[in-house]
There are 2 protein chains.
Amino acid sequence: MTERLDRRKKYTRMVLKDSLMELLNEKSINSVTVKEICELADVNRSTFYTHYTDQYHLLEQIESELIQDMERYLNSFNFEVEEETMEMTEKLLEYLASKSEECKTLLNEHTDSTFQHKVTAVAHRFIMHEGLAARKIDPKVSEYIGSFIVNGSINMMKLWLYRGMDRSPKEMSGMIHTFINKGLEGLS
Amino acid sequence: MTERLDRRKKYTRMVLKDSLMELLNEKSINSVTVKEICELADVNRSTFYTHYTDQYHLLEQIESELIQDMERYLNSFNFEVEEETMEMTEKLLEYLASKSEECKTLLNEHTDSTFQHKVTAVAHRFIMHEGLAARKIDPKVSEYIGSFIVNGSINMMKLWLYRGMDRSPKEMSGMIHTFINKGLEGLS
DNA sequence: GACACCGTGTTGGATTTACAACAAACAGTT
DNA sequence: AACTGTTTGTTGTAAATCCAACACGGTGTC
């Protein structure tokens with residue numbers, strides 16, 4: 001078990017993160033200043049520099065922690081191979097739903113695409129676990145199809161978040177899974 | 001202008017106060033421990049003792065600050081003599097409404113009556129400013145009537161708070177004022 | 001009465017943060 | 001180019017808080 005963090009550090013980091021997230025709902029990281037973050041967080045500027053080198057570092061930390069948390073969540077499940085892709089897709093959707101505010105902030109057009117890249121990498125690792133290899137498809141082709149599937153899925157999930165999650169994670173993963181297996185034919 | 005308080009002190013006191021108020025919504029001050037307050041506030045126990053001697057002291061500070069704030073609010077108004085009682089009653093009701101959560105907590109049966117005594121003293125000072133003296137009533141009698149009016153008013157206001165403030169402060173002060181001047185006759 | 005558990009009040013040393021200030025860089029204006 | 005205002009990154013010192021520990025008292029159980 002990791003050593004417990006000093007509560008002052010815990011608090012300071014929490015309010016700095018919350019403040020940056022709030023500011024990113026309004027503008028891009030490039031126009032957010034350290035001074036603004038500190039004013040919103042009510043934390044001294046020199047204290048900021050004992051924790052982070054700049055606002056980009058803080059953002060990177062936020063993204064990394066969310067990705068780690070996402071991986072931890074997805075790692076806690078275990079499914080059979082074929083069923084796994086759909087279940088994992090559903091679990092990823094559930095996770096995104098549970099952190100929908102943070103995810104929307106980090107996926108919006110104000111931020112660069114680093115978070116989306118990270119989520120895509122996670123999706124690739126968890127959803128494309130063994131799925132295509134089991135289908136005996138040419139590895140070169142498999143790679144293209146996998147890229148199509150993962151990026152398509154992520155952007156669908158993104159749209160789902162911004163639409164206020166109007167369908168359940170189960171419905172969404174069913175839709176994705178059906179399209180993956182049967183293309184448009186499966187949706188008529 | 002007073003010297004600005006160190007933001008750490010400000011924060012520590014705020015969360016300790018908020019935590020005690022939350023606990024007082026569930027039980028009386030006698031069964032609230034310093035340990036519980038600190039756990040809820042996520043503040044070290046030894047830090048508590050650098051600010052307050054015990055939970056009773058903290059409660060006293062909360063009450064005193066609210067009373068001071070109330071006085072400051074009421075002092076910012078100026079009315080003519082006769083009209084003043086009704087206007088001040090309305091202002092007091094407005095203040096109680098604006099701090100309804102805190103007031104309900106401090107006036108509930110879990111706490112002793114110190115806060116109610118303090119509010120009653122304020123009401124006596126502001127609402128009974130010159131009202132009865134101007135009516136040329138026997139001072140001894142005036143004192144009894146004043147006590148009746150102030151305590152009756154306070155308990156009415158208390159009930160109003162717990163009923164969710166179902167009438168406007170203006171309506172309430174009108175009702176109180178009419179009763180004071182004409183008794184039940186004025187309400188038929 | 002002994003025991004276990006919990007909370008209190010206190011202490012010393014370590015850690016974290018605040019504060020004020022400074023020099024430098026940047027951006028916008030004239 | 002000079003000027004102004006803002007932000008940055010850093011520094012030294014002080015203040016506040018954290019942490020772990022201790023002795024003590026109160027409460028409940030056996």
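This one's a predicted model, so the numbers in the text were calculated from it and none came from an experiment. Numbers restart at 1 for each chain; the letters A, B, ... are given by sequence-line order, proteins then strands.
The CG atom of L16(A) sits 15 Å away from the P atom of dT16(C) (whole-angstrom rounding). Note: CD (E39(A)) to P (dA18(C)) measures 14 Å, nearest angstrom. Distance, D54(B) CG to dG25(D) P: 18 Å, rounded to whole Å. Between K35(B) atom NZ and dG7(C) atom P there is a gap of 4 Å when expressed in whole angstrom units. Here the P atom of nucleotide dC6(C) and the CD1 atom of I37(B) are 19 Å apart, to the nearest Å. Rounded to whole Å, the distance from NE2 on H57(A) to P on dT8(D) is 16 Å. In this structure, Q55(A) places its CD atom 7 Å from P of dG9(D), rounding to the nearest Å. Here dA14(D) presents its C1' atom at 15 Å from CG of L5(B), a figure rounded to the nearest Å.
Between Y49(B) and the phosphate of dT10(C), there is no side-chain N or O to OP1/OP2 separation shorter than 4.0 Å. For dA16(D), the OP1/OP2 oxygens have no side-chain nitrogen or oxygen of H51(B) closer than 4.0 Å.
Judged by distance alone with a 3.5 Å cut-off, a donor-acceptor contact links the side chain of S46(A) to the base of dC19(C). A donor and an acceptor atom never sit less than 3.5 Å apart when one is taken from the side chain of R8(A) and the other from the base of dT17(C).
Between the CZ atom of R8(A) and the OG1 atom of T47(B) there is a distance of 8.0 Å, given to the nearest 0.5 Å. One distance of note links CD1 of I37(B) with CG of L24(B); it measures 8.0 Å at 0.5 Å rounding.
Mapping F48(A) and V32(B) onto DNA chain C via the closest heavy atom, the residue that lands nearer the 5' end is V32(B). Annotation: of the two residues near DNA chain D, T53(A) and R13(B), the 5′-most nearest-nucleotide partner is T53(A).
Comparing dT8(D), dT17(C), dC19(D) by their closest approach to the side chain of N44(B) singles out dC19(D). When the nucleotides dT17(D), dT8(C), dC19(C) are ranked by their closest atom to the side chain of R45(B), dT8(C) comes out on top. Set against dT8(D), dT17(C), dC19(C), the side chain of R7(B) has dC19(C) as its closest nucleotide. The nucleotide whose nearest atom lies closest to any side-chain atom of V43(B) is, among dT8(D), dT8(C), dC18(D), dC18(D). Side-chain proximity of T47(A) to the nucleotides dA18(C), dT8(C), dC19(D) is greatest for dA18(C).
Residue-level contact check: D6(B) touches the backbone only, with heavy atoms under 4.0 Å from sugar-phosphate atoms and none from bases.
Considering all non-hydrogen atoms of both residues, T33(A) and Q55(A) come closest at CA-NE2, 4.1 Å.
Between E39(B) and R45(B) no salt bridge is recorded (no basic side-chain N to carboxylate O distance below 4.0 Å).
Surrounding CZ of R167(A) are at most 12 heavy atoms belonging to other residues, nucleotides or ligands under 6.0 Å away.
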